[in-house]
Amino acid sequence: MNLLASLLNRLLRWGLGLCALVLVLAALYVSLGRELVPLVAEYRDEVEAKAATALNMPLAIGSLEGSWSGLAPVLTAHDVLVGEGASAVRLDQVRLVPDVLASLLARAPRIANLQVEGLQLSLRQDAEGRWAVEGLPQRQPAKPLDPQKLIDGLGMLSKVSLLGSQLTFEPFEQPPQSLTYIDLTLRSGSVRQRLDGRLRLPDGQPLAFNLRVRLDPQDWRASSADAY
């Protein structure tokens, strides 16, 4: 009995010591993060170059800001210009929160939250009734969209949001109609995805919707979805 009590006491001391060590390391991690993350503003040119390479198109950042929230760094890019010329897209803000623990475990980048604000798109109809999207930058060379690659890319994102955006429809020789104050949030899991959206219709009425998807990673055509 005394041996069991001694063993329990020893385990308790080890457990308390381990908890104290974890708390000290977490405090040190947060303290260093708060000190170092703001320095990311000095690396705006390097971030621009890496982002342009990843997107395969020109990209410019007006200003870059680093901050800290909870246990994760927060990177915020203001006045982002994607593309060039008439097809360039200007975004008010892009905010990225990396998932540090998941990135370490996967040994690959993982993003906890990605927010894009201020996207303006137009759908224009020509005389033959065909619609074309304006306001999206063009990649060179252009490649057809691969749904499977898009699904695989969702594994890197836990949450992505499009906020404060607008979509304008321009029928041929008809007055344009706009969907405004568009807020979309996609939460992605290994199997289940959920899309929540709110927007303002052209007549000023609000609209909210929800889409839940049960994704089959092996065959996306066999996936199911519920919407309301």
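Heavy atoms only: backbone and side chains are in, while hydrogens, waters and symmetry mates are out.
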Report the distance from atom [atom1] of [X] to atom [atom2] of [Y], rounding to the nearest 0.5 Å.
X    : Y    : atom1 : atom2 : answer
R198 : I182 : CZ    : CD1   : 14.0 Å
D92  : H78  : CG    : NE2   : 10.5 Å
L114 : S161 : CG    : OG    : 8.0 Å
E65  : R95  : CD    : CZ    : 9.5 Å
T76  : L64  : OG1   : CG    : 8.0 Å
E170 : L123 : CD    : CG    : 9.0 Å

Please determine whether residues [X] and [Y] belong to a single hydrophobic cluster, defined as Ile, Leu, Val, Met, Phe, Trp and Tyr linked transitively by side-chain heavy-atom distances below 4.5 Å.
X    : Y    : value
L59  : V89  : yes
Y181 : L121 : no
L207 : L186 : yes
L195 : V213 : yes

Non-hydrogen atoms of [X] and [Y] that approach each other most closely:
X    : Y    : value
L55  : V82  : CD1-CG1, 4.5 Å
L75  : G66  : CD2-CA, 4.5 Å
G164 : D183 : N-OD1, 2.9 Å
P98  : A72  : O-CB, 3.9 Å
L201 : L199 : CD2-CD1, 3.7 Å
P206 : R200 : N-CD, 4.0 Å

Requested in this report: I would like to know whether V47 and I61 meet side-chain contact (heavy atoms from CB on, under 4.5 Å); could you show each step before the answer?
Outcome: CA-CA 9 Å; V47 173; I61 299 174; 4.0 Å; yes
Would you say the side-chain atoms of [X] pair up with the backbone N or O of [Y], donor to acceptor, closer than 3.5 Å?
X    : Y    : answer
T53  : A51  : no
D226 : L211 : no
Q125 : R130 : no
S103 : P109 : no
R212 : Q193 : no

Query - Check ion pair D196-R194 (N to O, under 4.0 angstrom) - result: yes
Query raised in the report: Ion pair present between E46 and K50, side-chain N to carboxylate O less than 4.0 angstrom?
Result: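 K50 and E46: not salt-bridged.
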Query raised in the report: Would the number of heavy atoms belonging to other residues, nucleotides or ligands and lying under 6.0 Å from CZ of F209 be above 12?
Result: yes
Report task. Flag yes if more than 12 heavy atoms outside R110 fall under 6.0 Å of its CZ atom; otherwise flag no. Result ->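 Yes, because the 6.0 Å sphere around CZ of R110 holds more than 12 heavy atoms from other groups.
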Report task. Pick out which of L119, L162, V116 makes a side-chain contact (heavy atoms from CB on, under 4.5 Å) with L184. Result -> L162
Query - T180 and S165, any side-chain heavy atoms less than 4.5 Å apart - result: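 S165 vs T180: side chains apart.
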**Report entry** Stepwise side-chain contact (heavy atoms from CB on, under 4.5 Å) check, E117 with L91
**Finding:** CA-CA 6 Å; E117 297 185 17; L91 304 172; over 6 Å; no
Query raised in the report: Would I111 and L96 count as a side-chain contact (heavy atoms from CB on, under 4.5 Å) if you check the C-alpha gap in whole Å, the side-chain angles of each, and the deciding distance to 0.1 Å?
Result: CA-CA 7 Å; I111 299 173; L96 185 147; 3.9 Å; yes
Requested in this report: Go through the steps to decide whether T168 and Q166 satisfy the test side chain to side chain donor-acceptor pair (under 3.5 Å), and finish with yes or no.
Outcome: CA-CA 7 Å; T168 300; Q166 178 173 310; 3.3 Å; yes
